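Fair warning: this is a prediction, and the values are worked out from it, not measured in the lab. Numbers here are sequence positions counted from 1.
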Amino acid sequence: MAIRVAVNGYGTIGKRVADAVAMQKDMKLIGVTSHSYSFNTEVAKQKGYKIFTLEDGAANELKNNGITPDGNFQSLLENVDVVVDATPRKIGKENIDKFYKANKIKAIVQGGEKHEAIGTSFVAQCNYNGALNKDFARVVSCNTTGLCRTLNALNKFDITSVHATMIRRGADPWDIYHGPINAIVPVLEMPSHHGPDVQTVLPNCQIFTTALSVPSTLMHLHSVIADVRKKVNVDDVIDVLNKTTRVRVVRNAEHLRSTAEIMEFARDLGRLRGDMPEICVWKEAIGTVSNGYNKLLYMQAVHQESDVVPENVDCIRALMGFKDGDKSIKMTNETFGIR
Ligand code: NAD
């Protein structure tokens with residue numbers, strides 16, 4: 001029987017997860033929630049998704065705009081096995097306590113929630129089994145997902161410590177409320193919280209991070225320097241990354257020199273919404289140094305709106321007891337067109 005899934009919080013992440021769930025043969029999207037009427041609700045309706053409202057106020061707002069809700073949140077919860085909660089930060093944890101436990105439903109929350117509040121943090125290719133049969137799990141943030149995917153693979157060279165700087169997009173493309181639009185803003189937290197967050201998935205990774213925000217909406221960029229025990233050369237690194245799922249090595253020869261060109265590439269590939277869920281590592285920005293010590297340096301781009309979406313799909317399977325993580329990743333990848 002198909003896994004019955006609801007998506008609560010139909011915004012940047014939620015609408016993508018809803019589409020991804022609807023594409024899985026072993027899952028059925030029972031419905032999505034609408035917190036308030038917007039173009040997102042219109043598109044959900046056009047896609048034929050059932051729309052459930054959280055409060056009477058929201059239901060009236062929808063009705064005033066010509067959409068009849070299919071029921072309230074409680075009626076949605078009564079018909080699902082698992083909720084993907086993609087509400088703004090802190091609400092996911094509150095919803096676990098308020099709704100999901102009371103209804104005995106499994107739930108996945110997003111990277112805006114704290115690991116300590118949930119207990120299980122998830123990146124499919126790193127720790128799928130850790131979420132097997134759990135009631136609740138947290139799909140980590142876009143930055144943490146990006147760092148975990150590549151560091152987990154490159155640990156083949158015995159990483160002893162990592163320093164990473166995250167150059168973060170100021171806002172998502174649709175977002176007119178956040179910035180900066182003309183400044184570089186350092187995160188005034190040293191080291192930044194991203195390192196400890198990576199350790200919720202890769203507990204043995206000694207990682208120290210710094211972060212800053214820039215006036216861009218197109219992807220984050222990570223500059224990573226790792227100390228490794230094994231002598232390492234660039235070709236070996238490329239080989240490992242080419243064999244790592246959900247990671248793509250991009251090349252100067254393709255004219256993929258920037259986050260802008262990578263996003264254009266994703267659009268040209270015909271990806272839904274022009275998304276690039278793979279972490280893109282620039283071939284020419286991989287370097288190694290062996291001089292009494294072994295260092296590995298690389299830069300990667302992270303599409304903040306989409307890299308966590310396949311993770312949510314795999315996490316649904318893990319919570320529901322689907323044991324074969326590799327098979328789940330393969331099934332999910334096929335629906336996304338990920339090689
Ligand atoms: P968003 O603001 O784009 O979407 C949130 C949606 O939830 C909106 O549609 C909003 O109307 C709705 N909402 C608000 N309050 C609600 C409530 N009480 N109940 C139900 N719905 C409600 O947010 P987002 O960017 O999709 O972020 C969601 C989560 O995903 C956060 O934890 C965030 O940290 C995480 N995340 C975001 C990104 C990103 O780059 N946008 C990347 C990875 C993870």
K.L.:
Y100: what forms a ring-ring contact (aromatic ring centres under 6.0 Å, His included) with it, not counting sequence neighbours?
P.N.:
none

K.L.:
For residues 9-22, which residue pairs pass the salt bridge (Lys or Arg N to Asp or Glu O under 4.0 Å) check, not counting sequence neighbours?
P.N.:
R16-D275, R16-E305, D19-K47, D19-R273

K.L.:
Restricting to ring-ring contact (aromatic ring centres under 6.0 Å, His included), what partner residues turn up for F336, sequence neighbours left out?
P.N.:
none

K.L.:
Same hydrophobic cluster for V198 and V224, using side-chain heavy-atom links shorter than 4.5 Å among ILVMFWY?
P.N.:
yes

K.L.:
For A266, check side chain to side chain contact (heavy atoms under 4.5 Å, CB included) against everything at least two apart and list the hits.
P.N.:
M276

K.L.:
List the residues meeting side chain to side chain contact (heavy atoms under 4.5 Å, CB included) with T120, not counting sequence neighbours, and say none if there are none.
P.N.:
A131, K134, A137

K.L.:
State which residues pass ring-ring contact (aromatic ring centres under 6.0 Å, His included) with H35; sequence neighbours excluded, sorted by chain then number.
P.N.:
none

K.L.:
For the pair E116 and R138, find out whether any cationic side-chain nitrogen is under 4.0 Å from an anionic carboxylate oxygen.
P.N.:
no

K.L.:
Taking only residues at least two apart or on different chains, which pairs with a member in residues 259-271 satisfy salt bridge (Lys or Arg N to Asp or Glu O under 4.0 Å)?
P.N.:
E264-R267, R271-E278

K.L.:
Would you list the pairs meeting side chain to side chain donor-acceptor pair (under 3.5 Å) in which at least one residue belongs to residues 327-339, sequence neighbours left out?
P.N.:
Q24-T335, T245-N333, R246-N333, D314-S328, D314-T332, R317-S328, R317-T332

K.L.:
Cluster partners of I91, using ILVMFWY side-chain heavy atoms under 4.5 angstrom, listed by chain and number?
P.N.:
none

K.L.:
Quick one: side chain to side chain contact (heavy atoms under 4.5 Å, CB included) partners of R251, sequence neighbours excluded?
P.N.:
A253, E254, K283, E284

K.L.:
Is a side-chain N or O of E113 found less than 3.5 angstrom from the main chain of G92, in a donor-acceptor match?
P.N.:
yes

K.L.:
Which pairs would a plain distance check flag for residues 180-189, meaning a side-chain donor or acceptor within less than 3.5 Å of a matching protein atom at least two apart in sequence or in another chain?
P.N.:
| from | atom 1 | to | atom 2 | distance (Å) |
| --- | --- | --- | --- | --- |
| E189 | OE1 | H193 | N | 3.1 |
| E189 | OE1 | H193 | ND1 | 3.1 |

K.L.:
Side chains of D197 and H115: any donor to acceptor distance under 3.5 Å?
P.N.:
no

K.L.:
Return each pair, listed once, that meets salt bridge (Lys or Arg N to Asp or Glu O under 4.0 Å) where at least one residue sits in residues 49-72; pairs must be two or more places apart or across chains.
P.N.:
none

